[in-house]
> 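Take this structure, written in structure tokens, and hold onto it; I'll ask about it next.
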Number of protein chains: 2
Amino acid sequence: MRAFFAARGRVPTDSNFRQADLPQGGAHLENSCGTAPGIRLEHEQGVVFALPGPPVELKPMFENAVIPYLLEALGARHERLYTRTLLLCDIGESNVADILGDIIGEQTDPTIALYASPAQVRVRMATKAADEQAAQERLAATEQLVRERLGEHVWGVDDDTMESAIGRLLCERGASLAVAESCTGGLLASRITDVPGSSDYFRGCVVAYHNEIKMRVLGVPESILQEHGAVSEQCAEAMVQGVRSALAADYAVATTGIAGPGGGTEQKPVGLVYVGVGDETGTHVESFNWPGSRAQFKSRVTQIALNLLRKRIIGTV
Amino acid sequence: MRAFFAARGRVPTDSNFRQADLPQGGAHLENSCGTAPGIRLEHEQGVVFALPGPPVELKPMFENAVIPYLLEALGARHERLYTRTLLLCDIGESNVADILGDIIGEQTDPTIALYASPAQVRVRMATKAADEQAAQERLAATEQLVRERLGEHVWGVDDDTMESAIGRLLCERGASLAVAESCTGGLLASRITDVPGSSDYFRGCVVAYHNEIKMRVLGVPESILQEHGAVSEQCAEAMVQGVRSALAADYAVATTGIAGPGGGTEQKPVGLVYVGVGDETGTHVESFNWPGSRAQFKSRVTQIALNLLRKRIIGTV
């Protein structure tokens, strides 16, 4: 604990030292992420774990100290749950339910479950086994069935994110990426830079919130803003090519829309957005309408923009 | 439901229509955020609510349809819990516990509880009452006690966020803001644009991930990058003044650091970051060291940068 504080140039207080106390017979669990204590207390009737509350400290400690202890205590007796999750886009949960209805109805092992979150559906296959290889073979067979029905909609597996999938594609091609954002306000760039190593392909982003920045930094012609407005196909296209040029990147993606709650009109309501993607061969723009809260709007538009970028890189738009 | 789909240019499926079925005697609850049904079923022994699972649909329905129903059913009998939460910065949880120890120990109504999250501590005061005015008076008296001890660390109340507090300060002053980000990768701009109406004061942001963008768009001199590196006080200062000038803003804030997991050296380890804030009178830079995951690093540095910006606007740094 003294080292943890020293590394941050701070001095521990009495409360910090009290946290280091141990009950009789208790053992410390290593906390790699903070100062809150973790304790394992073995007793003739069982074992008690006391873990810190903050999730950033609780989760690593559970994974590093509790799970290995329990697995060892269970020995060879334990069955484990093995899962594989396919990640889908451009399709809704009820559509997936209809397409997979007969498989889900007849299948008992692995089981298949659908999960929907904004702009994404997941198909989770799960099986219990003591033998990992047998479990993986069963999962692979079911995965094949599902992929035959939904192939073009499957973009990733398990912990993939759209931004990690894009990172892999760009690395494979040795290509670079630039972003121009209006309504998503930096969230798109933030997700792209959530990927470790993204500095290998990500050049940067211009959040052009004010129209003057769209002109000054991205070179969007004033005539476009006057004739079509900032929320238009023409502006999205100019933002894509402007940021590609200003940041000297191979690929670019741009968003411009109305996040709300204010700023909507009858012709251009809150939730309207234009998303553009482009490379040296040209620019492709699509429009969407996602009414909802500001946070939902930013999150959905970001996911849509990443997906459109992914499709541009693999050459399907 | 037909209108919800029509607004999005999509066609409902059989599954969507099955969702609209109602049990005998049940009443529909309005779902303003999706198609999943909510049902209220009154029975002689009580009332059953069935709500959709996705939090974005569950929460608004609970607030709009369930709480008002329960309050009306309870009539005048019900006591409510009233709370007020003070938001603190630049101080750790154990320090706050030491400073408020005697008050927390002696106080029974309102109760006082501390909550810590990365780079923020909250002091929550709570009291139960049937009479709102009595509750508010008790909370105000306790708030005064706490503020006397912690005044300079209190920056907000209840649902304030650092970005909403900054928005209020900028609006009061009629001032504008620009952001330059390296290691936070767009998260800082994204938080600033989470505030409805932020387009009134937010000019935009340059995420200069690649050094070439720092030079091309922000005008950071190549000599600084060669002599001191991108993660340096000098670079942070040049980014602040560069983005203020490029985006023509009154205030600017900049981040440059090493988010990890790669890219660290002995002299400049993962977690090192320089944060700069500035206006026409000059630039102020501070450095911090926050080892942790990439996500924790981005989140903490963003909070630190917003806090430093807040202190610059109110004139304390």
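Proteins get letters first, then strands, A, B, ... in listed order; numbering begins at 1 in each. Only a predicted model underlies this, so the values are computations on that prediction, with no experimental measurement involved.
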> Please report the interatomic distance CD1(B:I213) to CZ(A:F202), rounded to the nearest 0.5 Å.
9.0 Å
> Side chain from CB out, backbone as N, CA, C, O: work out which of these in B:V217 comes under 4.5 Å of a heavy atom of chain A, or both, or neither.
side chain
> Under 4.5 Å, counting heavy-atom pairs only, tell me which of A:L188, A:V195, A:T184 racks up the most with chain B.
A:V195
> Say you draw a straight line from OG of B:S176 to CD of A:E212; how long is it, rounded to the nearest 0.5 Å?
9.5 Å
> Let's test your reading of the structure: which of A:E93, A:R191, A:R203 forms the most heavy-atom pairs below 4.5 Å with chain B?
A:R203
> Using non-hydrogen atoms and a 4.5 Å limit, figure out which bit of B:A295 sits close to chain A: side chain, backbone, both or neither.
neither
> For chain B, which residues from residues 247-255 of chain A lie under 4.5 Å away (heavy-atom distances)?
A:L247, A:A248
> Is chain B contacted by the side chain of A:P55, its backbone, both, or neither, given a heavy-atom distance below 4.5 Å?
neither
> Using non-hydrogen atoms only, which part of B:P196 is less than 4.5 Å away from chain A: side chain, backbone, both, or neither?
both
> Please classify the contact between B:S293 and chain A as side chain, backbone, both or neither, with a heavy-atom cut-off of under 4.5 Å.
neither
> Pick whichever of A:R294, A:H210, A:K298 has the most heavy-atom pairs under 4.5 Å with chain B.
A:R294
> Which atoms of B:P60 are under 4.5 Å from chain A, going by heavy atoms: the side chain, the backbone, both sets, or neither?
neither
> What closest approach, in Å, do B:G185 and A:T193 show between heavy atoms, and which atom pair accounts for it?
O-OG1, 3.2 Å
> Against chain A, work out which of B:D194, B:N95, B:V206, B:I192 has the most heavy-atom pairs shorter than 4.5 Å and name it.
B:D194
> Highest number of heavy-atom pairs under 4.5 Å with chain B: which of A:S199, A:A116, A:G53, A:G271?
A:S199
> Can you list the residues of residues 258-270 of chain B that sit under 4.5 Å from chain A, counting heavy atoms only?
B:P261
> Nearest 0.5 Å please: distance from the OG atom of B:S190 over to the CD atom of A:E181.
7.5 Å
> Quick check for you: among A:S117, A:S198, A:P54, which has the greatest number of heavy-atom pairs under 4.5 Å with chain B?
A:S198
> For chain A, find which of B:G186, B:A208, B:A178 contributes the most heavy-atom pairs closer than 4.5 angstrom.
B:G186
> Quick check on A:D159: does its CG atom have over 12 non-hydrogen neighbours (other residues, nucleotides or ligands) under 6.0 Å away?
no
> Heavy-atom pairs under 4.5 Å with chain A: which of B:G92, B:S94, B:A97, B:A189 has the most?
B:S94
